[in-house]
Structures are given as structure tokens and as C-alpha cells.
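What follows is a single structure, written as C-alpha cells, with notes after it.
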Amino acid sequence: MHTIYNKLKENIRGQVQMNIIIKDYTYFKIGGVVDLFIEPYDVESLIKAIQIINGNIPFYIIGNGTNLLFSDNGYRGAIIKIGNYLNGINIQGNTLQLGAGTLLSAASRFAAENALTGMEFASGIPGYVGGAIAMNAGAYGGEMVDVVKKVVCLDYSGLFYELSKEEMNFRYRNSRVFDENLVVVSAELEFKAGLKNEIIGKMKDLNQKRMMRQPIDKPSAGSTFKRPAEGFAAKLIEDCGLKGLRYNGAMVSDKHCGFVINENHATASDVLSLMRIIRERVHEKFGIMLEPEVRIIGEEL
Ligand SMILES: Cc1cc2nc3c(=O)[nH]c(=O)nc-3n(C[C@H](O)[C@H](O)[C@H](O)COP(=O)(O)OP(=O)(O)OC[C@H]3O[C@@H](n4cnc5c(N)ncnc54)[C@H](O)[C@@H]3O)c2cc1C
């Protein structure tokens with residue numbers, strides 16, 4: 001690990017640290033020690049970092065850490081954060097070019113300021129553009145697939161690909177990024193011309209709804225489970241009487257049963273135990289097996 005650390009220090013511009021605690025980089029505030037943590041300052045350094053690491057130690061890409069549950073044992077290998085050093089917004093007509101490390105909220109605000117409509121749904125999602133594209137994030141009837149025009153990705157050998165919306169193979173909270181281990185570097189999103197006041201008004205309404213209905217003031221990873229074909233995860237969980245159920249520091253939010261929150265210094269093991277109980281009970285009562293939406297790293301559900 002020291003050899004790789006030294007090589008990275010010599011060859012890339014960016015933060016390179018050993019033995020950091022990953023919980024500080026996740027919204028859930030959960031996760032143990034990670035061997036190596038890298039946050040490149042530019043795309044060239046990102047490519048170099050991947051080339052140095054790939055084939056030598058395992059690695060995992062993160063964005064803003066808002067959809068992640070890391071093991072209490074952390075991660076043996078390297079975490080590469082595509083963070084706000086790789087942000088940036090350019091506008092050309094109805095199109096925005098966005099760096100993967102741009103906050104979705106900033107991108108939505110920028111679109112609104114320029115009277116571009118289509119991304120209001122995303123203004124309250126706390127991830128970065130890269131994470132949102134990988135996950136095909138969505139809310140209130142909109143999804144990233146609705147606005148993506150093309151995406152610039154890297155593969156693990158450092159080759160660039162420019163992929164169209166169709167080539168991204170977007171599905172519900174999934175995309176080609178996970179099929180082929182791609183890294184999103186930037187994206188072009190396409191909008192329609194709208195009225196600035198209406199767009200801002202819609203964003204305000206949606207964010208107010210979110211504040212009223214979701215436990216956004218508590219550490220979590222957003223919706224814990226995917227929406228099953230047969231209904232809404234939150235409703236199924238609530239109908240099993242699990243609202244407010246705790247497992248040590250982890251709790252089914254009493255504001256929105258779709259969220260498992262870190263109520264009081266929860267560990268990954270607490271969250272996973274609670275998730276298992278939820279799955280069991282929902283399966284017993286409704287015959288539906290909930291699938292996690294949160295990405296679990298270093299543990300099995
Ligand atoms: C309070 C709260 C509310 C939320 N509401 C919503 C919602 O309404 N709708 C919704 O869809 N989600 C929601 N989420 C979940 C989350 O915000 C989204 O999934 C978001 O898109 C993840 O972005 P991120 O940058 O945080 O990615 P991370 O959580 O860091 O990573 C998520 C996944 O994407 C991959 N990834 C990240 N960046 C890249 C990249 N540049 N290239 C390749 N892969 C990458 C990671 O490997 C990981 O598998 C919510 C989360 C919270 C905490």
C-alpha cells in the first residue's frame with residue numbers, strides 16, 4: 001500500500017491519504033477505515049490514479065456519498081472521490097455541460113436562472129451529477145434519463161467514451177456505468193425553454209414537500225429500498241407496523257418509512273440488521289422481497 005501511496009503522491013494532483021475514516025465522506029455518517037483515499041483535482045490526475053491502482057488493489061468510485069452504506073470495517077483498497085474539484089457548468093443554448101462533481105442542486109439552480117426547464121425534480125437530491133447519472137436518480141416523476149443528452153465516461157484502462165442517452169442503458173436507479181465499471185467524468189444535459197419564475201416556483205414547491213415529508217435533517221442514504229413493481233416500499237413498510245422501529249442506533253424514520261436513518265451513532269451492522277428485519281416482515285406479509293437502493297460496500301445484506 002505504501003508503494004502505491006508514494007506513486008500516487010508523486011504522480012497526481014489531488015488529495016491522497018492513508019487510513020481515513022470513510023464515515024466523514026458519507027451522508028449516513030457510517031463506515032470504518034479505508035486503506036487509501038484519493039480525491040483528484042483534475043481529470044488527468046483521475047486517469048493517472050486509476051492507471052496506478054487498477055490491477056494492483058481494489059478500488060471504488062464515490063461521489064457525494066449520499067447513497068452509500070460502508071461497512072464498519074471500511075474498505076481494503078482505494079476510494080476515489082469524484083468531488084467538487086471536478087465540477088463546472090457551461091451553457092450553450094438549451095444545453096448544459098456539467099462536470100461530474102457538480103452538485104445536482106447547483107445544476108438545477110443554474111438551469112432555472114437561465115429559464116431552462118426539465119431538472120426541477122433533481123434540485124433537492126443531495127448527490128453530484130456523476131452519482132446521479134450512474135444511479136439514474138429521480139424524484140417526483142422525473143429521472144436523469146429525461147435530461148441527459150450524452151455522457152463522457154472513462155473505463156478502468158483510462159479510455160474515454162462519449163455515450164448517448166440511449167447508449168447509457170438507463171434503468172430504474174441503474175445504468176451502463178455499473179454494467180461496465182465506467183467512471184462518469186462529465187455530461188451534457190438538454191432542457192426546454194421555460195419561464196424562470198415558474199421553474200423556481202416548482203423547485204420551491206418540491207423542496208418544501210421534501211422537507212415536510214422526508215427526514216432530510218437526519219443522516220441517511222435516502223430511500224433504503226427500491227420501489228417494487230407492486231407498490232411503494234415506504235407504504236409496505238408502514239403497513240407492516242414498522243414505523244419508528246429501532247435496531248440500536250438505526251431507525252425506520254417515523255416521518256417517512258422508506259428511510260432508515262442513523263438516529264444515534266448507528267453502525268453499518270445496525271442498519272443492515274434493521275434492513276433484514278424490514279425485508280423479512282414485508283416478505284412475510286406481502287410476499288414481496290425488497291431490494292436495496294442504497295449501495296452497500298464491503299458487506300452483504
Ligand atoms: C436525504 C436524501 C434524499 C435523497 N433523495 C433522492 C431522490 O429523491 N431520488 C434519488 O434518486 N436519490 C435520492 N437520494 C440518493 C442519492 O442522493 C442519489 O442516488 C444520488 O444520485 C447519489 O449521488 P452521489 O454523488 O452522492 O453518489 P454516491 O452516493 O457517492 O454514489 C452512488 C453510486 O454511484 C457511483 N458513482 C458516484 N459517482 C460516480 C461517477 N462519477 N462515476 C461512476 N460512478 C459513480 C458510486 O460508485 C455508487 O455506486 C437521496 C439521498 C439522501 C441522503
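First listed ligand is number 1; within each ligand, the first listed atom is number 1.
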Would the distance check show the side chain of Ser220 and the main-chain N or O of Gly222 forming a donor-acceptor pair, the cut-off being under 3.5 Å? yes

Any idea which part of Val185 is under 4.0 Å from ligand 1, heavy-atom wise: side chain, backbone, both or neither? neither

Contact check: Phe259 vs ligand 1, nitrogen or oxygen atoms, below 3.5 angstrom: no

Just wondering, are more than 12 heavy atoms of other shown residues or ligands nearer than 6.0 Å to CZ in Arg213? no

Would Thr66 count as being in polar contact with ligand 1, using the rule that some N or O on each side must be under 3.5 angstrom apart? yes

Working for salt bridge (Lys or Arg N to Asp or Glu O under 4.0 Å), residues Lys150 and Glu162: CA-CA 7 Å; Lys150 42 188 168 172; Glu162 194 178 87; 3.4 Å; yes

Output yes when a side-chain donor or acceptor of Asn19 lies under 3.5 Å from a complementary backbone atom of Val33, and no otherwise. no

Short N/O distance, under 3.5 Å, between Val184 and ligand 1? yes

of all protein heavy atoms, closest to atom 8 (O) of ligand 1 is Arg210 NH2, 2.9 Å

Kindly confirm or rule out an N or O of Ser223 lying under 3.5 angstrom from an N or O of ligand 1. no

Donor-acceptor check, side chain of Ser186 to backbone of Leu98, threshold 3.5 angstrom: yes or no? no

Measure from atom 10 (C) of ligand 1 to every heavy atom in Gly138, Gly131, Gly127 and give the option owning the shortest one. Gly138

Membership question, hydrophobic clusters at under 4.5 Å side-chain separation (ILVMFWY): are Met212 and Tyr140 in the same one? no

If you have a sec, work out which protein heavy atom is nearest atom 13 (C) of ligand 1 and how many Å separate them, to one decimal? Ile125 CG2, 3.8 Å

Sequence neighbours left out, what passes side-chain hydrogen bond (donor to acceptor under 3.5 Å, both in side chains) with Asn64? Give chain and number order. Tyr128

CD1/Ile237 to CZ/Phe232 distance, rounded to the nearest 0.5 angstrom? 13.0 Å

Heavy-atom donor-acceptor pair, Asn197 side chain to Ile200 backbone, under 3.5 Å: no

Could you check atom 32 (C) of ligand 1 against the protein and tell me its nearest heavy-atom contact, residue, atom and distance included? Leu68 CD2, 3.9 Å

Taking atom 28 (P) of ligand 1 as the reference point, the nearest protein heavy atom with its distance: Gly65 N, 3.7 Å

Numbered in order shown, the ligand 1 atoms found under 4.0 Å of a heavy atom of Pro126 are 2 (C), 3 (C), 4 (C), 17 (O), 50 (C), 51 (C), 52 (C), 53 (C)

Does at least one non-hydrogen atom of Arg173 fall below 4.0 angstrom from an atom of ligand 1? yes

What atoms in ligand 1 come closer than 4.0 Å to a heavy atom of Val183? 42 (N), 43 (C)

Report the relative orientation of the aromatic rings in Phe70 and Tyr75; use parallel for angles under 30°, tilted for 30 to 60°, perpendicular for over 60°. perpendicular

Based purely on interatomic distance, does Tyr27 place a nitrogen or oxygen under 3.5 Å from a nitrogen or oxygen of ligand 1? no

Which bit of Ile82 gets closer than 4.0 Å to ligand 1, counting heavy atoms only: side chain, backbone, both or neither? side chain

Considering only the protein, which heavy-atom contact is closest to atom 47 (O) of ligand 1, and what is its distance? Ile61 O, 2.6 Å

Counting heavy atoms only, which of Phe178, Tyr25, Phe121 comes nearest to atom 35 (C) of ligand 1? Phe178

Is Asn67 touching ligand 1 with its side chain, its backbone, both, or neither, if touching means heavy atoms under 4.0 Å apart? both

Ligand 1 contacted by Met144 (non-hydrogen, < 4.0 Å): no

Taking non-hydrogen atoms only, is Tyr128 closer than 4.0 angstrom to ligand 1 via side chain, backbone, both or neither? both

Suppose I only count heavy atoms of Val177 and a 4.0 Å limit; which atoms of ligand 1 are within that range? 43 (C), 44 (N)

Check whether any side-chain N or O of Asn11 sits under 3.5 Å from a backbone N or O of Lys7 as a donor-acceptor pair, and report yes or no. yes

Applying a strict 4.0 Å limit to heavy atoms, is Ile297 in contact with ligand 1? no

Is Ser220 touching ligand 1 with its side chain, its backbone, both, or neither, if touching means heavy atoms under 4.0 Å apart? both

When rounded to the nearest 0.5 Å, the distance separating OG1 of Thr26 from CG of Asn67 is 11.0 Å

Are Tyr41 and Tyr85 close enough that their ring centers fall under 6.0 Å? yes

Is a side-chain N or O of Asn114 found less than 3.5 angstrom from the main chain of Phe110, in a donor-acceptor match? yes

Cut-off 3.5 Å, side chains only: do Ser71 and Glu299 have a donor facing an acceptor? yes

Ligand 1 atoms in contact with Tyr60 (distance to a heavy atom under 4.0 Å): 46 (C), 47 (O), 48 (C), 49 (O)

Heteroatom distance test (Ala134, ligand 1): nitrogen or oxygen, under 3.5 angstrom: no

At what distance is the nearest protein heavy atom to atom 30 (O) of ligand 1, and which residue and atom is it? Gly63 N, 2.7 Å

same_hphob_cluster(Ile277, Ile288) at 4.5 Å side-chain heavy-atom cutoff: yes

With atoms numbered from 1 as shown, which atoms in ligand 1 lie under 4.0 angstrom from a non-hydrogen atom of Leu182? 43 (C)

If the cut-off is 4.0 Å to any non-hydrogen atom of Ala139, which atoms of ligand 1 fall inside it? 8 (O)

From the list Arg227, Arg171, Arg173, Lys165, salt bridge (Lys or Arg N to Asp or Glu O under 4.0 Å) partner of Glu143 resolves to Arg173

Asn64 contact mode with ligand 1 (heavy-atom cut-off under 4.0 Å): both

Would you mind telling me if ligand 1 is within reach of the side chain of Ala132, the backbone, both or neither, using heavy atoms under 4.0 Å? both

